Structures are given as C-alpha cells and as structure tokens.
Amino acid sequence: RMVTTGLTVDTNGGWKLDDGKLYDVTHLPCRSARYNPIRAEEGGGGSPLTAKTSDFPVAPGAEMPKVQGCVKQDYAVLFVIGVEDV
C-alpha cells in the first residue's frame with residue numbers, strides 16, 4: 001500500500017484519484033462513521049447512544065457497525081502530503 005497519487009476535487013465536491021484506489025491511500029486503522037437517527041414516524045427513533053460497545057473497536061478496513069434506528073455514513077482517513085498550485 002505504498003501509493004502516491006494525485007487527488008482531484010471538482011467544484012461540486014466530486015473527486016478522483018490519478019492512480020490507485022481509495023484502499024491504497026486510506027489509513028485503514030482510522031475508521032469513523034456518522035450516525036443520524038431515523039425519524040420515529042419512519043420506523044426509526046434510534047440514537048448513536050444505543051450503539052453496542054462490544055462492536056468496537058472496528059477491525060482495520062471493516063465497515064463501521066450498524067446502529068438500530070440510525071442511518072450510517074462511513075468515512076475513511078486519507079493522507080494528503082501536498083497541494084498543487086493551480
């Protein structure tokens with residue numbers, strides 16, 4: 001996993017790597033997710049506070065655990081070592 005590549009971010013927030021895949025430039029031990037409660041009238045009513053502590057820590061590269069009644073968005077940590085002048 002020794003890939004150095006360019007990352008291009010467009011004005012709409014879309015992005016692409018010049019070479020490699022997201023896996024190649026992600027610091028796998030660092031995992032994060034945002035948990036948002038689903039509204040009760042949509043069958044939710046959960047809370048991030050109800051996450052099972054036994055589900056943590058998460059193995060490197062694994063998906064963050066689901067929390068009942070919440071919508072989850074996984075995040076990964078990228079290492080940026082420079083910014084090109086444009």
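Along the sequence shown, the residues carry numbers beginning at 1. Being a predicted model, the structure only gives us computed values, none of them experimental.
In this structure, NZ in K52 is found 11.5 Å from NZ in K66, a value given to the nearest 0.5 Å. The structure places CD of Q73 at 10.0 Å from OG of S32, a figure rounded to the nearest 0.5 Å. Interatomic distance, OG1 of T5 versus CG of L17, reported as 5.5 Å (0.5 Å rounding).
When all heavy atoms are compared, the tightest approach of N36 to R34 is ND2-CD, 3.5 Å. For the pair V3 and D19, the tightest heavy-atom approach, listed with the atom from each and the gap, is CG1-O, 4.3 Å. Closest approach of V67 and A51 over heavy atoms only: CG2-CB, 3.7 Å. Taking every heavy atom of both residues into account, C70 and P37 meet most closely at SG-CA, 4.0 Å. A pairwise comparison of heavy atoms in P65 and K72 identifies O-CD, 3.3 Å as the closest pair.
No continuous path of hydrophobic side-chain contacts links L7 to V83 [ILVMFWY only; heavy atoms under 4.5 Å]. Residues V25 and V9 share a single hydrophobic cluster, defined by chaining ILVMFWY side chains whose heavy atoms lie under 4.5 Å apart. Y75 and V58 are assigned to two separate hydrophobic clusters, defined by single-linkage of ILVMFWY side chains at heavy-atom distances under 4.5 Å. Residues L49 and I38 do not share a hydrophobic cluster, defined by chaining ILVMFWY side chains whose heavy atoms lie under 4.5 Å apart.
At least one donor-acceptor pair under 3.5 Å links the side chain of D74 to the backbone N or O of M64. In this structure, D10 contributes its side chain and N12 its backbone to a donor-acceptor pair below 3.5 Å.
Residues Y35 and T50 are not in side-chain contact: their nearest non-hydrogen atoms beyond the backbone lie 4.5 Å or more apart.
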